[in-house]
Amino acid sequence: MPKRTDIKKVLVIGSGPIIIGQAAEFDYAGTQACLALKEEGCEVLLVNSNPATIMTDTNVADKVYMEPLTLEYVAKIIRYERPDAVVPSLGGQTGLNLAMQLAKKGVLEECDVEILGTSFQSIEQAEDRELFKRLCQELGEPVLPSIIANSIQEGVAAAEQIGYPVVLRPAFTLGGTGGGFADNEAELRELMRHALILSPVHQVLVERSIKGFKEIEYEVMRDSNDTAIAICNMENIDPVGIHTGDSIVVCPSQTLTNKEYQLLRDSALKIIRALKIEGGCNVQFALDPLSFNYYLIEVNPRVSRSSALASKACGYPIARVSAKIAIGLTLDEIQIANTPASFEPALDYVVTKIARFPFDKFSEASNLLGTQMKATGEVMSIGRTLEESLLKAVRSLETGVCHIYHPKFDDVDSADLLSYIKKPTDDRLYAIAQLIRLGVDLGIIYNATKIDMFFLEKIKNIVEFESVLAAHPMDIQVLKDAKRMGFSDKYIAMVWSK
């Protein structure tokens, strides 16, 4: 289908200020989208209240409005500028929610502004927990037992019906804001009160907890021709229970069998087609490590945090392609480095993402992680092996460590370390490495963390090579092997006292 010629002026809604749970990854996507729309001859208007981002650079859009991202201000801009269309899916949850408000209040209809890309019906179906559940049931896709609650009393009744532990997921919030796990009624009441306040529609999904399952994500893309591709899949090293933005993530997945990979890929493509999403989309699954049972956790009908990671990991510009799909082009008409965008990328390397937390600045804050995101950024590294990729990522964090070793655990005994790793924290990786140094069996660590044995074996490989390094100072072959495994110059120099 050729590019639409009736779309001359497009409004792009940005993601606003960098806050905990929403960092600069949406600016990365929005910048790509603005440049792609300009490339196709559109006049681009950008509204974003954050001056400290490349997105609000005057070269990115034709006109930049540095105004608050509220219904009142954006409605004023639309009434003044009269754009032909608005792109809601490139400014994170902030942009999506704002576009939904503009449509519901009739501002878009009044000014004859069209929605580009994914329609509101599709967004509503993916974001509204009850509608999404109904769609999955119609498609025969497994979803967790869950009940919608609009009050604390309804939440308590729902949890009793489902059975504890449960997880709360407020509707239309970003970064898992307001969500969490409840093991009893007292915890549920406190969480429920908070979740209802934070959900813009005062709706909370009470769902059966599947803590300990593997968490897998697929980045998928679809155009108006119904061509759908899986760009890549990602696996969280941490099991379900930690927000994916806080988890250590590897791409492509490392522990899935071919059957599991294809099973989830088919499900992701079936969902994006049923939702009629046009552009990038992120589908999250929980997979039982002991069987082929899986559950759909959620679908983000927009360019998400994972899309920024997937774009950089695969070299596939998801936001750019999504913007071009929005103005009528199809995947086979869009070129990425002389290859049609309808080709699925193939990776022959391992990418590791580790979140960057602000606990060094907020020293009083709890470093326990859960379904509510606490990270303010992330690092990504590429390596031939998981060991190399993991070690590169650790030292990119700029937290003063250059290896999976933290001096704070030097004098902690194995019993205390084992109780420490039972709860997810920002420094659990270093505690696990220290336990392996102390000779604790991997099976015991697995039972405490539910981190797949494959990943624990990889951490053990690194720890075991530390003693090889120490035993062969200034050996050129050992140095080569250490560099191939991703050891830093600083750590090698420390071990060799050089």
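Everything numeric here is computed off the predicted structure, so don't read it as measured data.
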Given 3.5 Å as the limit, does a donor-acceptor pair link the side chain of Ser381 with the main chain of Ser389, or not?
yes

May I ask you to check whether Asn233 and Ser253 show a side-chain donor-acceptor distance below 3.5 Å?
yes

Any carboxylate oxygen within less than 4.0 angstrom of a Lys/Arg side-chain nitrogen, looking at Lys408 and Asp427?
yes

What's the shortest heavy-atom distance between Ala158 and Val206, and which atoms?
CB-CB, 4.0 Å

Parallel, tilted or perpendicular: which one describes the rings of Phe285 and Tyr294, with boundaries at 30° and 60°?
perpendicular

Can you establish whether the number of heavy atoms outside His406 located under 6.0 Å from its atom NE2 is more than 12?
yes

Quick one: which of Thr449, Ile459, Ile242, Val250 gives a side chain to side chain contact (heavy atoms under 4.5 Å, CB included) with Ile237?
Val250

Lys133 side chain vs Ser146 backbone, donor-acceptor pair below 3.5 Å
yes

Consider only side-chain N and O atoms of Gln477 and Asp481, and report whether a donor and an acceptor are under 3.5 Å apart.
yes

Checking the side chain of Ser488 only, and the main-chain atoms of Cys402 only, is there a donor and an acceptor separated by less than 3.5 Å?
yes

Please confirm whether the backbone N or O of Leu369 pairs with a side-chain atom of Lys423, one donor and one acceptor, at under 3.5 Å?
no

Counting only heavy atoms not in Gln137, do more than 12 fall under 6.0 Å of its CD?
yes

Does the side chain of Leu287 come within less than 4.5 Å of Leu256's, by heavy atoms?
yes

Quick check on Asp411: does its CG atom have over 12 non-hydrogen neighbours (other residues, nucleotides or ligands) under 6.0 Å away?
no

Glu466 side chain to His403 side chain, donor-acceptor N/O pair below 3.5 angstrom:
yes

If we ignore angles and hydrogens, is there a donor and acceptor under 3.5 Å between the side chains of Glu387 and Asn461?
yes

Checking side-chain polar atoms at under 3.5 Å, does Asn282 have a donor or acceptor matched by the opposite partner on Glu217?
yes

What pairs with Met494 under side-chain contact (heavy atoms from CB on, under 4.5 Å), at least two apart in sequence or on another chain?
Tyr491

Is it true that atom NZ of Lys276 has more than 12 heavy atoms of other residues, nucleotides or ligands lying nearer than 6.0 Å?
no

Just by distance, no angles: are the side chains of Thr255 and Glu235 close enough, under 3.5 Å, to form a donor-acceptor pair?
yes

Tell me whether Arg484 contacts the main-chain N or O of Arg384 through its side chain, where contact means a donor paired with an acceptor under 3.5 Å.
no

As a test of understanding, state which of Phe465, Tyr405, Trp496 forms a ring pair (Phe, Tyr, Trp, His ring centres under 6.0 Å) with Phe487.
Phe465

Any side-chain to backbone donor/acceptor pair from Gln254 onto Pro252? Under 3.5 Å, distance only.
yes

Cationic tip of Lys211 within the cone over Phe181's six-membered ring, i.e. under 6.0 Å and within 45° of the normal?
yes

Using ring-ring contact (aromatic ring centres under 6.0 Å, His included) as the criterion, list what pairs up with Phe409, not counting sequence neighbours.
Tyr420

Below 4.5 Å, heavy atoms only, C-beta onward: do Ile248 and Asn236 meet side chain to side chain?
no

Around atom NZ of Lys490, are there more than 12 heavy atoms of other residues, nucleotides or ligands at under 6.0 Å?
no

Asp238/Arg428 salt bridge by N-O under 4.0 Å criterion:
yes

Atom CZ of Phe454: over 12 foreign heavy atoms under 6.0 Å:
yes

Taking atom types as modelled, find out whether Gln434 and Arg437 have a side-chain donor-acceptor pair closer than 3.5 angstrom.
yes

